[in-house]
There are 4 protein chains.
Amino acid sequence: MPPVARPARVDAVRNRASLLAAAEVEFAERGIDASVADIAKRAGVVKGTVFRHFATKDDLVAAVAGDRFARLSAIAERLSESPDPGEALREFASATAEILQQQGLAFLRAASECNPVVAESRDQLLASADVLVERARRDGIVRADVTGADVLLLTCAAVHTVAATPGPAPDLWRRYLTIVIDGLRPEGASPLPRPAPERF
Amino acid sequence: MPPVARPARVDAVRNRASLLAAAEVEFAERGIDASVADIAKRAGVVKGTVFRHFATKDDLVAAVAGDRFARLSAIAERLSESPDPGEALREFASATAEILQQQGLAFLRAASECNPVVAESRDQLLASADVLVERARRDGIVRADVTGADVLLLTCAAVHTVAATPGPAPDLWRRYLTIVIDGLRPEGASPLPRPAPERF
Amino acid sequence: MPPVARPARVDAVRNRASLLAAAEVEFAERGIDASVADIAKRAGVVKGTVFRHFATKDDLVAAVAGDRFARLSAIAERLSESPDPGEALREFASATAEILQQQGLAFLRAASECNPVVAESRDQLLASADVLVERARRDGIVRADVTGADVLLLTCAAVHTVAATPGPAPDLWRRYLTIVIDGLRPEGASPLPRPAPERF
Amino acid sequence: MPPVARPARVDAVRNRASLLAAAEVEFAERGIDASVADIAKRAGVVKGTVFRHFATKDDLVAAVAGDRFARLSAIAERLSESPDPGEALREFASATAEILQQQGLAFLRAASECNPVVAESRDQLLASADVLVERARRDGIVRADVTGADVLLLTCAAVHTVAATPGPAPDLWRRYLTIVIDGLRPEGASPLPRPAPERF
DNA sequence: TATGAATGAGCTTTCATTCAT
DNA sequence: AATGAATGAAAGCTCATTCAT
């Protein structure tokens with residue numbers, strides 16, 4: 001029974017939370033190149049503490065990015081029980097776009113690329129998306145040869161246009177997501193030249 | 001027979017070409033953060049030589065990126081006299097995608113953002129795109145509320161999906177460009193929620 | 001008995017002191033162009049450590065130079081209450097010369113030129129010198145048209161002769177300071193062709 | 001008898017002269033750190049040509065500095081036959097100051113320090129100064145224990161004050177040279193604490 | 001002999017990571 | 001568990017000097 005034991009844990013938990021919150025903001029603002037020092041400063045701790053909680057910067061990236069993917073998976077799961085498959089798919093794409101736009105698409109991509117833990121979260125999301133697309137396809141709302149990966153990639157693509165535009169129009173993706181979803185309609189669809197990717 | 005002809009320094013010309021080629025590859029692979037040292041190494045010269053040919057790293061970026069935009073503008077100009085406006089637009093989008101995919105989209109964007117010369121090349125391209133879209137619109141091939149900026153952004157977006165996919169499928173963009181262009185058809189088009197951006 | 005006392009990082013304090021000492025020597029020997037790498041090597045730390053203690057090279061310059069000027073101002077203030085104004089002025093000039101000689105005149109000048117904080121220290125010294133000269137003038141010890149700036153400049157000048165001489169005669173300035181101060185006597189003084197500078 | 005021989009020499013001579021002139025200006029303006037590239041540009045040649053005429057930058061420094069010392073030696077020699085020794089000494093000091101001020105004292109010092117050829121020119125000047133001082137001393141115009149080196153060093157010192165002053169007062173040295181020469185009068189001279197240096 | 005490109009060591013500064021306290 | 005200093009490997013860029021033409 002150590003006499004001076006527990007309170008330290010409370011600090012640690014609070015610090016970890018502060019760090020994640022700070023990292024989210026910094027990564028969103030500065031991208032994956034945000035410096036550990038700035039994140040520490042925003043969290044109100046020193047640099048060394050960052051590395052106690054996250055052994056490398058990459059681990060911190062993974063924690064932030066993984067959380068986003070997990071959040072999206074949860075949304076997908078909820079929507080998979082919605083009565084209107086078409087609306088569910090549209091909502092899923094919008095929610096995804098919103099989060100991607102908020103956190104920075106480039107950041108999330110960089111994160112998944114070099115981190116297996118994040119990659120796994122992302123794969124889970126992919127599975128959820130497949131379910132939603134399958135339901136919409138059965139209802140004749142989207143063309144037959146479209147997959148969950150297609151929808152996710154196209155959503156990323158629509159979000160990407162925001163970053164490529166100078167002025168502050170954070171929801172410009174809505175314009176392009178509309179066009180893209182129009183492009184998925186079965187009527188008069190052109191044949192697609194390449195197979196859908198299995199992963200992304 | 002000029003007795004004091006300028007030999008034009010064969011090696012200098014070769015080095016400049018090597019540097020541009022190396023920079024293209026490095027920028028494509030590593031993005032705009034590719035280091036001058038790596039570019040020099042790939043070109044088979046020392047760092048100092050890079051700075052003889054391009055006074056700053058930014059000048060090198062501009063040379064690579066500017067060239068790509070110029071190439072695209074030339075293509076657009078040629079296509080603007082094609083008899084089939086719909087086919088011309090599709091070809092333009094494909095050519096654009098091909099070059100964007102090859103060079104690295106993120107790099108080109110970063111280059112235009114912090115380099116006024118590159119930005120100008122890009123603006124010229126935008127003007128050319130507007131002409132092509134205008135012709136296609138008059139033919140009823142694309143919906144009325146779509147602009148050159150829209151088409152360029154959507155093409156970038158389609159290309160972006162390649163970078164977001166792991167396996168080596170360099171022309172995956174063809175799949176998504178098809179979907180996107182399908183989405184531009186006038187028939188049954190959903191209303192677009194945000195105005196088109198003026199610049200990009 | 002504070003349970004969480006600040007150890008004050010003994011090694012950090014030692015490193016900071018080593019750095020200042022090393023910088024003093026290097027700046028004295030090589031002038032303001034002494035490299036940060038050499039200073040670090042002499043202090044027995046790595047380059048990065050220098051920048052932890054002094055964010056820029058300029059800050060290090062300012063720390064070394066500012067300290068010297070502050071030391072001189074303190075001496076001037078003490079001497080301004082001495083009962084013998086003539087002796088006080090001579091002592092001030094000697095003390096100034098000693099410090100200037102030790103630190104390297106060119107370095108101190110360069111430091112004041114490009115660093116506002118150092119410039120302020122120097123201006124304060126100028127004010128102190130004016131007080132001492134004013135008192136000596138009232139006692140008829142120096143000619144009427146001489147100012148604090150004159151005395152400081154002439155002291156710098158006397159010190160400068162040491163640097164201009166090859167052999168190791170670090171206090172050669174004493175010889176020339178004597179001549180210069182003799183030149184300030186009121187008796188038989190030649191008219192001075194240019195006004196005294198306001199600053200230096 | 002080479003058929004295409006001489007004209008080249010004319011070019012070479014002209015280039016050498018241009019280089020010396022350009023170096024004078026650049027060294028005066030930027031000090032000894034003036035870059036070879038800038039000197040070449042001002043002279044209208046390329047960098048490589050500089051090194052054909054002067055094997056190292058140091059040699060170029062030596063050529064410029066040596067010329068100045070030679071010019072001063074010539075003046076001293078002429079003045080050593082003047083009927084008024086006091087006036088001759090004053091004129092010599094003024095001429096010296098003028099040239100030192102024009103060329104940059106720090107530059108000339110740096111030049112003599114690391115270049116034996118310049119050092120020799122300087123030694124010759126020292127001998128000339130000794131003659132002038134000896135004559136003035138015999139006339140009772142300067143104190144007995146003063147040497148040519150003293151006068152040169154004090155002249156340098158007076159000039160040094162110009163560089164140490166911010167505003168553009170290029171002949172401020174006249175003020176301090178007056179004070180310094182007043183300080184050399186035999187009447188009421190304080191004893192000098194250190195022997196005169198043999199070289200400088 | 002002149003050219004101007006290539007070289008390579010040097011500079012200040014940044015940053016992820018390690019480690020003594 | 002937290003601190004904050006030390007580390008060392010980058011980075012972009014400059015410049016005296018060498019060398020092929």
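Just so it is clear, the structure is predicted and the values come from calculations on it, not from any experiment.
One interatomic measurement links the two molecules: CG of C:Asp38 to C1' of E:dT12, which rounds to 13 Å at whole-angstrom precision. As a whole-Å value, the separation of B:Lys41 NZ from F:dA11 C1' is 13 Å. The distance from atom CG of A:Asp11 to atom C1' of F:dT3 is 13 Å, rounded to the nearest whole Å. One interatomic measurement links the two molecules: CG of D:Asp59 to C1' of F:dA16, which rounds to 13 Å at whole-angstrom precision. Atom CZ in C:Phe54 sits roughly 13 Å away from atom P in E:dT13 (whole-Å rounding). Rounded to a whole Å, the CZ atom of A:Phe51 is 16 Å from the P atom of F:dG4. Distance CZ (C:Arg52) to C1' (E:dT18): 13 Å, rounded to an integer number of Å. Remark: C1' of F:dA16 and CG of D:Asp33 are 12 Å apart, rounded to the nearest angstrom.
Dashed line: the shortest gap from a side-chain N or O of B:Thr49 to OP1 or OP2 of E:dA5 is not under 4.0 Å. Of the side-chain N and O atoms in C:Ser35, one or more sit less than 4.0 angstrom from OP1 or OP2 of E:dC11. At E:dG4, none of the side-chain N or O atoms of D:Lys47 fall inside 4.0 Å of OP1 or OP2 (strictly under the cut-off). Between D:His53 and E:dT1 there is no side-chain polar atom (N or O) within less than 4.0 angstrom of OP1 or OP2. Between A:Asn15 and F:dA2 there is a side-chain N or O to OP1 or OP2 distance below 4.0 Å.
Note that CG of D:Leu19 is 12.0 Å distant from CZ of D:Arg14, once rounded to the nearest 0.5 Å. Atom-to-atom distance recorded for C:Asp33:CG and C:Phe107:CZ is 11.0 Å, nearest 0.5 angstrom.
Look at B:Arg71 and B:Asp67 and you find a salt bridge, because one of the NZ, NE, NH1 or NH2 atoms lies within 4.0 Å of a carboxylate O, short of that distance. Using a cutoff of 4.0 Å between basic side-chain nitrogens and carboxylate oxygens, B:Glu113 and B:Arg122 are not scored as salt-bridged.
Of the candidates E:dT1, F:dA11, E:dT13, the closest approach to any side-chain atom of C:Lys57 belongs to E:dT13.
The partner of F:dC13 is E:dG10, by the rule that a Watson-Crick or G-U pair needs both atom distances under 3.5 Å. For F:dA20, the paired nucleotide is E:dT3, the pair qualifying as Watson-Crick or G-U wobble because both relevant distances are below 3.5 Å.
With DNA chain F read from its 5' end, the first of the two nearest nucleotides for B:Ile32 and D:Ala34 is the one closest to B:Ile32. With the nearest nucleotide of DNA chain F identified for both B:Asp58 and C:Gly48, C:Gly48 has the one nearer the 5' end. Between B:Val46 and C:Thr56, the residue anchored nearer the 5' end of DNA chain E, judged by the nucleotide with its closest heavy atom, is B:Val46.
Heavy atoms of other residues, nucleotides or ligands lying less than 6.0 angstrom from CD of D:Glu120 number 12 at most.
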